[in-house]
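Since the structure comes first, as structure tokens, the remarks are kept for the end.
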Amino acid sequence: MPTARDINETKHWLRTARTLSEALPYMRRYAGATFVIKFGGNAMGDGKLAESFARDIVLLKQVGINPVVVHGGGPQIGRMLERLQITSEFVDGLRVTDAATVEVVEMVLAGSINKQIVSEINAVGGVAVGLSGKDGNLITAAKLERGGDRAGAAPDLGFVGYPKAVNPQILELFAKSNVIPVVAPIAIDEAGQTYNINADTAAGAIAAALNARRFYLLTDVAGVLDADGALIDDMPATRARALVAEGTATGGMIPKIETCLAAIEGAVEAAVIIDGRVPHALLLEVFTERGVGTLIYGG
């Protein structure tokens, strides 16, 4: 975790930095780099944290980094389904998505949530544009099939997909402008069927397709913990795989680690699992020597 000194130094920087020339010495090592940031969890529902996130994204863009935001929205989808009296269930953390549910998922993700994040970024001085995987053929989806177990065949998840292919061209165009893309994880397959894609998975695939310098997963936990419960500041991919294999990493941390490993295998330099509940977590990661959360790199 960041020290009190790290946090105070970052707060001081935020108070005093006013021009691009002041920011550049801190950001030179990442000038021109692409960061893909998955935004979700409690931070999305907390007005103050959402605003600080928006300010961080705008600052990254202003100092020469190209941020691409990919967002989730599970709680918001759940609330809308309840209002519409549509029953939904989960299998291994994935929402079973029938025809009625996928319409609501698209409405919430590509509609209200996406535009809210865009508006928050624009309100603090950025220029953001909302997209989904459908726009510009950004993501081509395929149906997610799950293998059965000893009890029999796995249940059909319906219109839950995975990124079969990512076309980074439209996002590369934004990198050459002052526009910040905000992507909702909705996509279509080659027949035109709409699919709901896990936001972590979509963000990792986009990071790999863009050869991003960094892939950030903002979550509701401090990062990856070792067997003694201590935060791991950084580790090679080999250790990350070992933590999963030996059972030290459990529950929802397993797919997050696997998503980070897939991004690294796809030529992303490093992936970072960050506690999105920490104000200005992104800036702490970039501006301090130790960073915040757990950095996973190749090796």
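This structure is a prediction, so every number in the text was calculated from the model and none was measured.
Taking every heavy atom of both residues into account, I257 and A249 meet most closely at CD1-CB, 3.7 Å. Across A175 and N66, no two heavy atoms sit closer than the pair O-OD1, 3.2 Å. Minimum heavy-atom separation, A207 to V36: CA-CG2, 3.6 Å. When all heavy atoms are compared, the tightest approach of D226 to D228 is OD1-N, 2.9 Å. Considering every non-hydrogen atom in both P185 and H71, the closest pair reads CD-O, 3.0 Å. For L261 against A237, the heavy-atom pair with the smallest separation is CD2-CB, 3.5 Å.
Proximity of I180 to V129: side-chain heavy atoms (C-beta onward) are nowhere separated by under 4.5 Å. Side-chain contact check for T219 versus D275: every heavy-atom pair is 4.5 Å or farther apart. A heavy-atom distance below 4.5 Å is found between the side chains of F35 and R213. Between L210 and V166, every side-chain heavy-atom pair lies at or beyond the 4.5 Å cut-off. In this structure the side chain of I37 reaches within 4.5 angstrom of the side chain of L282, judged on heavy atoms. Between V272 and I296 the shortest side-chain heavy-atom distance does not fall below 4.5 Å. Between D156 and V96 there is no side-chain heavy-atom pair separated by less than 4.5 Å. Side-chain contact between T34 and N211 is absent, with no heavy atoms from C-beta onward closer than 4.5 Å.
Between the side chain of E285 and the backbone N or O of V292, at least one donor-acceptor pair lies under 3.5 Å.
For the atom pair I232 CD1 and M235 CE, the distance stands at 5.0 Å (nearest 0.5 Å). To the nearest 0.5 Å, the span separating CD1 on I186 from CG on L131 amounts to 13.5 Å. The distance from atom CG of L283 to atom OG of S52, rounded to the nearest 0.5 Å, is 8.5 Å. For the atom pair CD (E269) and CD1 (I264), the distance works out to 10.0 Å, reported to the nearest 0.5 Å. Going from atom CG of L217 over to atom CE of M253 covers 9.0 Å, rounded to the nearest 0.5 Å. Note that CZ of R55 is 10.5 Å distant from CD of Q62, once rounded to the nearest 0.5 Å.
Under the 4.5 Å side-chain heavy-atom criterion for ILVMFWY residues, a single connected hydrophobic cluster contains both L60 and I117. Hydrophobic clustering, with ILVMFWY side chains joined whenever heavy atoms are under 4.5 angstrom apart, keeps V278 apart from V221. Under the 4.5 Å side-chain contact rule for hydrophobic residues, V69 and V108 share a cluster. Linking Ile, Leu, Val, Met, Phe, Trp and Tyr whenever their side-chain heavy atoms come within less than 4.5 Å puts I113 and L81 in one cluster. Side-chain heavy atoms closer than 4.5 Å link hydrophobic residues (I, L, V, M, F, W, Y) into clusters, and following such links, even through other members, never connects V70 to F39.
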Problem - Stepwise side-chain contact (heavy atoms from CB on, under 4.5 Å) check, K48 with E51 - result: CA-CA 5 Å; K48 290 184 178 179; E51 181 182 352; 5.8 Å; no
Exercise for the section: Show your working on side-chain contact (heavy atoms from CB on, under 4.5 Å) between L109 and N114 and close with a plain yes or no. Expected result: CA-CA 6 Å; L109 287 179; N114 188 270; over 6 Å; no
Handout entry: Stepwise side-chain contact (heavy atoms from CB on, under 4.5 Å) test for K134 and I139
Key = CA-CA 6 Å; K134 291 183 174 183; I139 301 174; over 6 Å; no
Problem - side-chain contact (heavy atoms from CB on, under 4.5 Å) assessment of R277 paired with D220 - result: CA-CA 6 Å; R277 300 168 299 180; D220 293 336; 4.2 Å; yes
Practice task
Start with the C-alpha gap between K256 and D200, add the side-chain angles, then the distance that decides, and say whether salt bridge (Lys or Arg N to Asp or Glu O under 4.0 Å) holds.
Solution key: CA-CA 7 Å; K256 294 186 185 302; D200 290 358; 3.0 Å; yes
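Under a cut-off of 6.0 angstrom, the local environment of NZ in K164 is sparse, with at most 12 non-hydrogen atoms contributed by other residues, nucleotides or ligands. The number of heavy atoms from other shown groups lying within 6.0 Å of CD (E246) is above 12. The environment of CD in E172 is crowded: more than 12 heavy-atom neighbours from other residues, nucleotides or ligands sit within 6.0 Å.
At a cut-off of 3.5 Å, with distance as the only test, a side-chain donor of R95 or S88 sits close to an acceptor on the other residue. A donor-acceptor pair shorter than 3.5 Å cannot be found between the side chains of N122 and S119. Under the 3.5 Å distance criterion, with hydrogens and angles disregarded, no donor-acceptor pair is assigned to the side chains of K38 and T259.
You'll find the ring centres of Y195 and Y162 outside the 6.0 Å limit.
Salt bridge absent: E190 and K143 never bring a charged side-chain N and a carboxylate O closer than 4.0 Å.
No option in T294, V224, I273 other than I273 meets the side-chain contact (heavy atoms from CB on, under 4.5 Å) test with C260.
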